[in-house]
Amino acid sequence: MSFTTTIQSAAIESLEELYGRQFSEQDFQVNETRPEFKGDYTIVLFSLLKTLKESPEGLGKKLGDLLLKKHAALFTDYNIIKGFLNLSLSDDSLLHLLKENYNDICFGKKPLNHKKVMVEYSSPNTNKPLHLGHLRNIFIGWSVSEILKANGNEVYKSSIVNDRGIHICKSMIAWQEFANGATPESTNTKGDHLVGDYYVKFNNEYKQEVKELTGEGKSEKEAEKEAPIMKKTQQMLLDWEHGKPDVIDLWNKMNGWVYKGFDETYKRLGADFDETFYESKTYILGKEFVKKGLEDGSFYKKEDGSVWIDLSDIGLDEKLLLRGDGTSVYITQDIGLVKQKFEEYKLDESIYVIGDEQIYHMNVLKEICRKLGMPFADKIFHLSYGMVELTTGKMKSREGTVVDADELIDEMVDTAKKHTEELGKVKDFTQEELKELYETLGLGAMKFYLLRVDPKKRMVFNPEESIDFHGFTGPFVQYTYARIKSILRKVEEPVIDQQLQKEPLLPLERQLIIFLEKYSNVISQAAEEQNPSVVANYVFHLAKTFNSFYTEHSVANAESEEKKSLRLHISTITAMVIKSALQLLGIKVPERM
RNA sequence: GGCCUCGUAGCUCAGUGGAUAGAGCAACAGCCUUCUAAGCUGUGGGUCACACGUUCGAAUCGUGUCGGGGUCACCA
């Protein structure tokens, strides 16, 4: 039980004894005491005053006295300022925490709750390489999965690959026309980048053709429709749907290049998936539901044969579910996949990590499932995240302002190398060790930078700020870890014993212990909010507090053996919590840096 | 235009009913004969977009206004 809940129930018990009636945790708040006041935790009395017909001082005194009397081991003192009852915790209760609850603190251990959750993230198109937006998606999805696991859930990570459609055909046509058989091997280019290059090539060519046609007097719309390269692409899409062998072969070949490229990037990022769905396999699934919905009258057909659902009663308008020619649209396949996921995996929840521009789409999906009487309609959660903007404005692939994922990773790792070389602290490292360190630091900086902001909010990517290794950054926290490990290497493992209790705890020692105790709550909160930034903020604050402690007090050369033992203990736990918290963010810790 | 969302220090962000609103960056001033200075300490910097309301108490809740963004496709 955490300090907050312990104090809460102690207060409830005392209040009930004092006033002979029931109280609940809703009746008052327990907060941490602000640093400018004496005490560790504060009971806010205002909400109780009216019903109990008490003055702040009167209630504070009664409650404070009784708490001290009943829980002499827990509290040592109290003071009342305005309506705030500030309680001081005893050294013993803090030290008890270090001794008894060691593992609970460090790993925020939660019992298994047997809830099965699927987290779908990344979900790229196969016509171009991953970019900065995908990175935010991947880091959030991976981290939320790990946070849910830490809270006792059974988690499946999944990805749906958007491997078919007109966009893929664009790359294919351009490759066919202009590549002269170029392959990743022959050009020494990563497969996803090669395919992406031909996607760009298509767009340039298309633009050129449209320009020529409008020059001949055609309207913009006509030109866009009649551009030869576009016509070829549309034909190719039809051929693909009809399974024309040479098109399927080319499609397989080029997608294969892309997957190999993605895998390399995923591997470097530490992203992993338990299941990968392919749109080419799932896009047909939804059609049977459309049929079913037509039969039971949930959907309706227009004259041209297209199928619609009317959601205007809940303000979501009419939505197209099937084109006039019978082919699927985006949402058709989603309906099919939802059902497959829930049934195959017996899921309790399905979380979709998708950008916030699709909030409307996901609401429609949930509503359709509801109308179809699917029992899991309310177990679908859209973890929507805001767009990553550049300081120069939005990223747009057509304007070449996207930040490529692979390039960004290289740049971060490079920066880590530069910094490390300048500081010259690891000259005895082998080449292998150095390489690993640079990856740890570079990726740590990048992940922390993208995860430290609330997913739901839009964020600005500032290239200079992102490669900063000082302040509120991954390397700052990693550095704290490395410094602790450096101490621990020089000293034998701490033994915690009765001796600890003789000298009073100093303010920074108290502060650290109280802060460490919160870790378990932080993990719960992060899971409830599906928000890794909660963990990032916590671990930064922890490292910051430790750094103050480190500067102020010596561990290895402490004033006494007792203090040394205590501080070694605090340091060890801090290191474990840092490692555990960063692990939830997908960030590794270096033993030295 | 309808719906959704955001507006906190020069910049990037914490803070969702409690005390005098906090970090990082940037600026300035200090701290390495003692466990790693990728660190620590201090200074300056705020009409929490604005107005009204609810409350003992509002950056936080409600209504309205202004401003930014998203969305409302036989695109995905």
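Naming convention: chains lettered A, B, ... in sequence-line order (proteins, then strands); numbering from 1 in each chain.
- The side chain of A:N31 lies closest to B:rG18 when the candidates are B:rG18, B:rC35, B:rC72.
- Heavy atoms of A:V555 sit under 4.0 angstrom from at least one base atom.
- Annotation: of the two residues near RNA chain B, A:E357 and A:H553, the 5′-most nearest-nucleotide partner is A:H553.
- A:N162 comes within 4.0 angstrom of the backbone, heavy atoms only, and of no base.
- For B:rC72, neither phosphate oxygen OP1 nor OP2 lies less than 4.0 angstrom from any side-chain nitrogen or oxygen of A:K319.
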Start with the C-alpha gap between A:V161 and A:F277, add the side-chain angles, then the distance that decides, and say whether side chain to side chain contact (heavy atoms under 4.5 Å, CB included) holds. CA-CA 6 Å; A:V161 180; A:F277 301 105; over 6 Å; no

Can you run through RNA chain B from 5' to 3' and write each base as (, ), [, ], | or . depending on how it pairs? Watson-Crick or G-U wobble, both distances under 3.5 Å. ((((((((.[[[[.)..(...]]]].(((((.......))))).....[[[[[..)....]]]]])))))))....

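- Here the side chain of A:S306 pairs no donor or acceptor atom with the backbone of A:K302 at under 3.5 angstrom.
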Polar pairs (N or O, both sides) under 3.5 Å between protein and nucleotides 56-60 of chain B?
| residue | atom | partner | partner atom | Å |
| --- | --- | --- | --- | --- |
| B:rC56 | OP1 | A:K50 | NZ | 2.7 |

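- Here A:K490 reaches the OP1 or OP2 of B:rU36: one of its side-chain N or O atoms lies under 4.0 Å away.
- If you check B:rC35, B:rC40, B:rA14 against the side chain of A:N547, the one that comes closest is B:rC40.
- In this structure, A:M459 reaches the sugar-phosphate backbone alone: every heavy-atom distance under 4.0 Å involves primed, P, OP1 or OP2 atoms, never a base.
- Taking the side-chain hydrogen bond (donor to acceptor under 3.5 Å, both in side chains) definition, one finds that A:T4 meets it with nothing, sequence neighbours left out.
- The closest donor-acceptor contact from the side chain of A:Y449 to the backbone of A:N462 lies under 3.5 Å.
- Residue contacts shown for A:L423 include a base, since a base heavy atom lies under 4.0 Å away.
- Distances shown here put a side-chain N or O of A:S486 below 4.0 Å from the OP1 or OP2 atom of B:rU36.
- Around the CD atom of A:E436, the shell of radius 6.0 Å holds no more than 12 heavy atoms that belong to other residues, nucleotides or ligands.
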Expected rows: protein N/O vs nucleotides 42-44 of chain B N/O, under 3.5 Å:
none

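- Look at A:D356 and A:K456 and you find no salt bridge, because none of the NZ, NE, NH1 or NH2 atoms lies under 4.0 Å from a carboxylate O.
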Classify every nucleotide of nucleotides 21-28 of chain B by which part a protein heavy atom approaches to under 4.0 Å, writing B for the base, S for the sugar-phosphate alone and - for neither, in 5'-to-3' order. -SSSS---

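- Counting atom types as modelled, A:S533 pairs no side-chain N or O with a base atom of B:rA14 as donor and acceptor under 3.5 Å.
- The one candidate from A:F46, A:Y41, A:F37 that meets the ring pair (Phe, Tyr, Trp, His ring centres under 6.0 Å) condition with A:F84 is A:F46.
- Across B:rC40, B:rG18, B:rU36, the shortest atom-to-atom separation from the side chain of A:V44 is found for B:rG18.
- A salt bridge does not link A:E222 to A:K225: none of the charged nitrogens lies less than 4.0 Å from a carboxylate oxygen.
- Other residues, nucleotides and ligands place more than 12 heavy atoms under 6.0 Å from the NZ atom of A:K287.
- Residues A:H167 and A:Y199 keep their aromatic ring centres 6.0 Å or farther apart.
- In this model, the phosphate group of B:rC31 is not approached by any side-chain N or O of A:T551 to a distance below 4.0 Å at OP1 or OP2.
- Contact check, A:R567 against B:rC35: no side-chain N or O comes under 4.0 Å of OP1 or OP2.
- The base of B:rA19 sits with one of its N or O atoms less than 3.5 Å from a complementary donor or acceptor on the side chain of A:N86.
- Under the 4.5 Å side-chain criterion, counting only non-hydrogen atoms from C-beta, A:I368 is in contact with A:L321.
- Each of A:D163, A:N255, A:V258 was checked for a side-chain contact (heavy atoms from CB on, under 4.5 Å) with A:I168, and the lone residue meeting it is A:N255.
- For the pair A:K82 and B:rU20, the criterion of a side-chain N or O lying under 4.0 Å from OP1 or OP2 is met.
- The existence of a salt bridge linking A:D334 and A:K366 is excluded, since no basic side-chain nitrogen approaches an acidic carboxylate oxygen closer than 4.0 Å.
- Comparing A:N537 and A:E318 along RNA chain B, the residue whose closest nucleotide (by nearest heavy atom) sits nearer the 5' end is A:N537.
- Pairs passing the salt bridge (Lys or Arg N to Asp or Glu O under 4.0 Å) check and including a residue from residues 460-481 of chain A, sequence neighbours excluded, read A:R452-A:E465.
- Listed candidates were B:rA76, B:rC13, B:rA14. Nearest to the side chain of A:D454 is B:rA14.
- The phosphate of B:rU12 (OP1 or OP2) has no side-chain N or O of A:R458 nearer than 4.0 angstrom.
- Cation-pi contact between A:K301 and A:W308: absent, since separation from the ring centre below 6.0 Å together with deviation from the ring axis within 45° is not met.
- Using a 4.0 Å heavy-atom distance criterion, A:S306 is classed as a base contact.
- For A:Y330, whose side chain is taken as the heavy atoms from C-beta onward, the closest listed nucleotide among B:rU41, B:rC35, B:rA76 is B:rA76.
- The nearest whole Å value for the distance from the CG atom in A:L390 to the P atom in B:rU12 is 13 Å.
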